[in-house]
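Whatever order the structure lists ligands and atoms in, that order sets their numbers, starting from 1. All heavy atoms count here, side chains included; hydrogens, waters and symmetry mates do not.
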Amino acid sequence: MKPRKIRSGVYWVGAIDWDRRLFDELIPLPDGTSYNSYLIKGSEKTALIDTVDPSMESVLLNRLKQAGVKNIDYVIANHAEQDHSGTIPPVLEKYPTAKVVTTPRGKDMLIGLLLIPEDKFITVSDGETLSLGDKTLEFIHAPWVHWPETMLTYLREDKVLFPCDLFGSHLATTDLYVTDEEQVYEAAKRYYAEIMMPFHTNIQNHLEKLKGYEIDIIAPSHGPVYDKPSFILEAYRSWVFDPPKNIVVLPYISMHGSTKEMVDYLVEALAERGVTVRQFNMTKTDIGKLAIALVDAATMVIGTPTIMVGPHPNIVYAAFLANALRPKLQFVSIIGSYGWGGKAVEQLQGMIPNLKVEVLQPVIIKGFPKEADFQALNNLADTIVEKHKEHNFA
Ligand code: FEO
């Protein structure tokens with residue numbers, strides 16, 4: 001695929017990674033991903049915005065050659081993570097007069113991570129501009145999306161925003177622009193849930209700041225380009241600003257069927273009371289799906305058997321993940337079964353300090369559930385309904 005024109009003098013020169021199935025050795029990529037790099041040819045200077053994952057170095061260098069690039073003046077590093085910065089060293093080797101433009105913190109991180117010499121950098125402050133002749137780049141510092149050094153770059157004359165990871169989606173596609181909104185919405189929500197959600201309060205501020213910019217195109221560093229920016233801006237606004245919904249997320253494990261019986265009963269009791277439940281068996285769940293469900297849920301109920309004296313390790317994983325992702329959850333409860341005793345509730349409660357939640361009366365029983373246990377689950381379902389109604393979670 002040749003460089004693809006977005007505006008006069010503005011080209012996509014990225015790489016599509018159809019086969020990658022795991023990111024950070026943690027995040028599933030069911031649809032692959034892309035590393036988008038953009039070339040901007042001004043009347044006097046040429047800039048490259050972000051690079052690509054080191055595994056795709058030859059793809060980027062080849063596209064630059066195809067674009068007839070003889071010289072690069074500036075490599076704009078919006079973000080120091082290696083899937084965007086990792087090919088800066090070979091680009092500097094190929095175009096030795098290029099300078100790396102980044103935030104002061106970005107410079108420190110790029111020196112630390114990629115051993116780029118200090119004299120290669122130009123650091124920019126928030127709101128600073130850089131002229132390419134007939135095109136002007138404005139740098140918008142945006143810390144914590146999702147690293148502390150990040151910035152967004154705005155191309156004033158063409159009204160194009162290059163936000164790096166923000167608004168991105170892990171989606172390998174030949175489409176330069178979004179064509180299948182449903183598919184991109186799901187991929188972008190997965191991306192938001194896994195990468196951006198822990199920083200949703202910072203992102204609220206960044207979205208407010210972006211209201212001051214006229215934006216015709218959003219060109220992120222992963223996934224297709226948005227030629228209708230309102231599609232992704234509105235989606236982000238709803239994910240970061242809207243109150244949680246009348247939804248319960250229920251990650252669970254059952255070893256011998258007792259916890260499963262409780263989960264099945266509670267799910268039905270909640271459904272009968274009008275609550276949507278998203279249930280995840282943690283032996284086989286795609287954790288991206290669990291993360292997506294956490295974006296909107298008001299309540300999480302954790303279902304666990306007792307191993308020795310604590311929760312099942314896969315449930316520990318789910319609790320740790322939910323704690324790290326800092327969703328908008330307001331309530332948590334724990335249900336499950338034990339054989340001879342245990343401290344699953346205390347241990348799980350200790351694992352979720354980031355979640356500012358009210359803990360609803362857990363239902364922890366001995367052995368297989370009996371009539372009184374089902375009644376306790378009914379009571380839990382009633383409490384969840386009441387709490388959601390009190391807060392108008394619809
Ligand atoms: Fe796509 Fe934070 O790197």
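Take a cut-off of 2.8 Å around atom 1 (Fe) of ligand 1: the protein N, O or S atoms inside it are Asp83 OD2, His84 NE2, Asp165 OD1, His222 NE2.
Residue pairs that meet the ring pair (Phe, Tyr, Trp, His ring centres under 6.0 Å) test with at least one member in residues 72-110, sequence neighbours left out, are His79-His84, His79-His146, His79-Trp147, His84-His222. Residue pairs satisfying the ring pair (Phe, Tyr, Trp, His ring centres under 6.0 Å) criterion with at least one member in residues 333-383, sequence neighbours excluded, are listed as follows: Tyr265-Phe374.
Taking 4.0 Å as the cut-off between side-chain N and carboxylate O, Arg21 and Asp31 do not count as a salt-bridged pair. Ion pairing between a basic and an acidic side chain is recognised when a charged N comes within 4.0 Å of a carboxylate O; Glu234 and Arg237 show no such pairing.
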Could you tabulate the donor-acceptor pairs under 3.5 Å formed by side-chain atoms of residues 289-307, not counting sequence neighbours?
from   : atom 1 : to     : atom 2 : distance (Å)
Lys289 : NZ     : Glu186 : OE2    : 3.3
Asp296 : OD2    : Lys189 : NZ     : 2.5
Thr299 : OG1    : His388 : NE2    : 2.7
Thr304 : OG1    : His312 : N      : 3.1
Thr306 : OG1    : Ser337 : O      : 3.1

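For the pairing with Leu171, the side chain to side chain contact (heavy atoms under 4.5 Å, CB included) check across Val178, Thr33, Ile16, Val184 returns one residue only, Val184.
Looking at His146 and atom 2 (Fe) of ligand 1 together, the shortest N, O or S contact belongs to NE2.
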